[in-house]
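Since this is a predicted model, take the numbers as computed values, not measurements. Lettering of chains follows the sequences in order, A, B, ..., and the numbering in each one begins at 1.
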Amino acid sequence: MLSKKRFLEALDIIVNMFPEAHGELEWETPFQLLIATILSAQATDKGVNKATPGLFAKYPDPESLAQADVADVEQCIRTIGLYKTKAKNIIKTSQMLVENFNSELPRDKKLLQTLPGVGRKTANVVLGETYGIPGIAVDTHVERISKRLDIVPQKASVLEVEEKLMKLIPEERWVESHHHLIFFGRYHCTARAPKCEECPVLEYCKFGKRNLNG
DNA sequence: ATCCCGAGGG
DNA sequence: CCCTCTGGAT
């Protein structure tokens with residue numbers, strides 16, 4: 001298991017690899033970020049960004065999306081995976097925002113998660129991006145990197161990964177670190193063919209050393 | 001544990 | 001072809 005000190009050293013190197021790391025979903029309002037993030041489940045941000053302009057042109061706010069026809073919303077987002085479930089969820093979420101939350105996003109993590117399609121990861125992303133509320137969203141990249149660096153057991157749940165990262169990283173760095181880890185996972189420490197042979201944190205990485213030695 | 005599910009990459 | 005993508009609900 002990698003120590004806290006060693007992990008923070010590796011994290012600083014990762015930060016320097018992608019100093020400009022940021023959220024890549026495109027949105028104009030907190031509501032649109034929420035919808036885009038719901039749509040991003042098991043989908044690439046590029047795929048989501050391709051569909052959301054058309055969706056938001058027709059349904060820019062909770063009021064309009066709350067009254068939308070399911071079939072039309074499905075049409076708008078059909079190129080994104082899991083589109084049937086997502087169409088239903090974003091309409092219902094919009095209805096709940098209008099009816100229960102005065103058309104505004106609840107800033108409370110638990111409350112936000114009462115919206116259909118919004119789980120822990122999505123709530124963390126939205127609250128961090130819009131209001132700067134500290135949190136670490138554990139997606140497929142963050143989970144993979146945490147396990148490759150061996151800061152959690154290979155069988156750890158995403159919640160256990162989140163709790164471990166919150167222990168290792170100072171709270172004021174949670175939101176930015178999340179983005180750095182994502183960029184590292186998306187563009188370097190990829191799932192399929194990770195670039196271990198040219199990796200600046202190889203000396204910290206159990207997985208990488210084993211990967212190169214065979 | 002299983003289902004949902006299209007696009008892009010290797 | 002097979003794997004992966006800023007998961008969530010049952």
Side-chain angles (χ1 to χ4, degrees), chain A residues 14 18 20-27 30 32-55 70-71 73-96 105 109-148 155-163 165-166 169 174-197 207 211:
Chain A
I14 290 171
F18 301 98
E20 315 256 306
H22 60 280
E24 298 196 303
L25 292 172
E26 293 165 10
W27 51 282
Q32 293 183 0
L33 172 63
L34 173 65
I35 299 304
T37 309
I38 292 173
L39 295 177
S40 73
Q42 295 297 98
T44 61
D45 57 342
K46 285 184 183 176
V48 173
N49 289 337
K50 213 168 99 179
T52 46
L55 178 72
V70 187
V73 173
E74 286 183 358
Q75 194 76 353
C76 292
I77 65 172
R78 196 191 333 150
T79 55
I80 305 175
L82 317 180
Y83 68 92
K84 288 184 180 175
T85 306
K86 289 173 180 174
K88 187 159 43 111
N89 283 343
I90 62 178
I91 291 173
K92 180 61 178 174
T93 280
S94 299
Q95 291 170 350
M96 288 176 65
L105 301 202
K109 198 175 293 185
K110 280 295 175 209
L111 224 43
L112 201 52
Q113 288 183 75
T114 64
L115 302 171
V118 181
R120 199 177 175 85
K121 179 259 170 185
T122 298
N124 273 321
V125 168
V126 172
L127 292 178
E129 287 285 290
T130 55
Y131 306 125
I133 297 174
I136 298 179
V138 178
D139 63 357
T140 181
H141 299 300
V142 175
E143 179 182 6
R144 182 177 64 250
I145 292 160
S146 298
K147 290 181 179 178
R148 283 184 176 169
K155 56 187 280 188
S157 67
V158 289
L159 181 57
E160 289 169 331
V161 174
E162 180 181 333
E163 289 169 342
L165 285 169
M166 290 193 294
I169 304 173
W174 286 355
V175 173
E176 58 179 72
S177 296
H178 155 73
H179 285 128
H180 289 122
L181 291 172
I182 296 234
F183 265 60
F184 180 61
R186 186 178 291 162
Y187 301 115
H188 189 91
C189 189
T190 47
R192 187 92 67 103
K195 309 180 197 308
C196 298
E197 63 283 352
F207 170 88
N211 188 29

Mind checking if [X] touches a base, just sugar-phosphate, or nothing, with heavy atoms under 4.0 Å?
X	answer
A/Gly47	nothing
A/Thr37	nothing
A/Lys86	nothing
A/Gly23	base
A/Ala191	sugar-phosphate
A/Leu181	nothing
A/Arg120	sugar-phosphate

In this structure, how many angstroms lie between the [atom2] atom of [N] and the [atom1] atom of [X], rounded?
X	N	atom1	atom2	answer
A/Glu24	B/dG8	CD	P	16 Å
A/Leu39	B/dA7	CG	P	14 Å
A/Tyr187	B/dG9	OH	P	12 Å

Check your understanding: Is a side-chain donor or acceptor of A/Lys121 paired with a backbone partner of A/Asp139 at a separation under 3.5 angstrom?
Key ->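 Between the backbone of A/Asp139 and the side chain of A/Lys121 there is no qualifying donor-acceptor contact (under 3.5 Å).
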
**Study point:** A/Ile90 side, atom CD1; A/Ile77 side, atom CD1 - distance, nearest 0.5 Å
**Key:**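 If I round to the nearest 0.5 Å, the distance is 4.5 Å.
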
**Study point:** Nearest-0.5 Å distance that lies between atom OG1 in A/Thr85 and atom CD in A/Glu74
**Key:**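 A/Thr85 OG1 to A/Glu74 CD: 9.0 Å, rounded to 0.5 Å.
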
Practice item. Among A/Val138, A/Val125, A/Asn124, find the one that has a side-chain contact (heavy atoms from CB on, under 4.5 Å) with A/His178. Key: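 Passing option: A/Val125.
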
Review point. Expressed in whole Å, how much space separates the C1' atoms belonging to B/dC5 and C/dC5?
Key: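 11 Å, rounded to whole Å.
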
Point to revise | Distance, P atom - from C/dT6 to B/dG10, rounded to whole angstrom | key: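 Rounded to whole Å, the distance is 14 Å.
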
Measure across [X] and [Y] and return the closest heavy-atom pair with its distance rounded to 0.1 Å.
X	Y	result
A/Glu129	A/Gly23	OE1-CA, 4.2 Å
A/Ala43	A/Ile80	CB-CG2, 3.8 Å
A/Arg148	A/Cys189	NH1-SG, 3.3 Å

What nitrogen or oxygen pairs link the protein and nucleotides 1-5 of chain B at under 3.5 Å?
unit_1	atom_1	unit_2	atom_2	d
B/dC5	O4'	A/Leu82	N	2.7

Review point. Which residue lies toward the 5' end of DNA chain C, A/Lys121 or A/Arg192, if each is placed at its nearest nucleotide?
Key: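 This one resolves to A/Arg192.
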
Exercise for review: Nearest-nucleotide wise, let me know which of A/Thr114 and A/Asp139 is further upstream toward the 5' end of DNA chain C.
Suggested key: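 Here A/Asp139 is the residue nearer the 5' end.
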
Check your understanding: If you pin A/Ala193 and A/Ala43 to their nearest nucleotides in DNA chain B, which one's is more 5'?
Key ->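 This one resolves to A/Ala43.
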
Exercise for review: Using the six-membered ring wherever Trp is involved, compare the ring planes of A/Tyr187 and A/Phe183 and label them parallel, tilted or perpendicular (cut-offs 30° and 60°).
Suggested key: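 Correct class here is perpendicular.
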
Point to revise | Note, A/Leu55 side chain near A/Leu39 side chain (heavy atom, < 4.5 Å) | key: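 SC-SC contact between A/Leu55 and A/Leu39 confirmed.
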
Review point. If we only count heavy atoms from C-beta on, is the A/Thr190 to A/Arg192 side-chain gap below 4.5 Å?
Key: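 Of all side-chain heavy-atom pairs linking A/Arg192 with A/Thr190, none is under 4.5 Å.
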
Check your understanding: What are the bounds, 5' to 3', of the part of DNA chain C that sits under 4.0 Å from heavy atoms of chain A?
Key ->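 For DNA chain C, the relevant span reads C/dC2 to C/dA9.
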
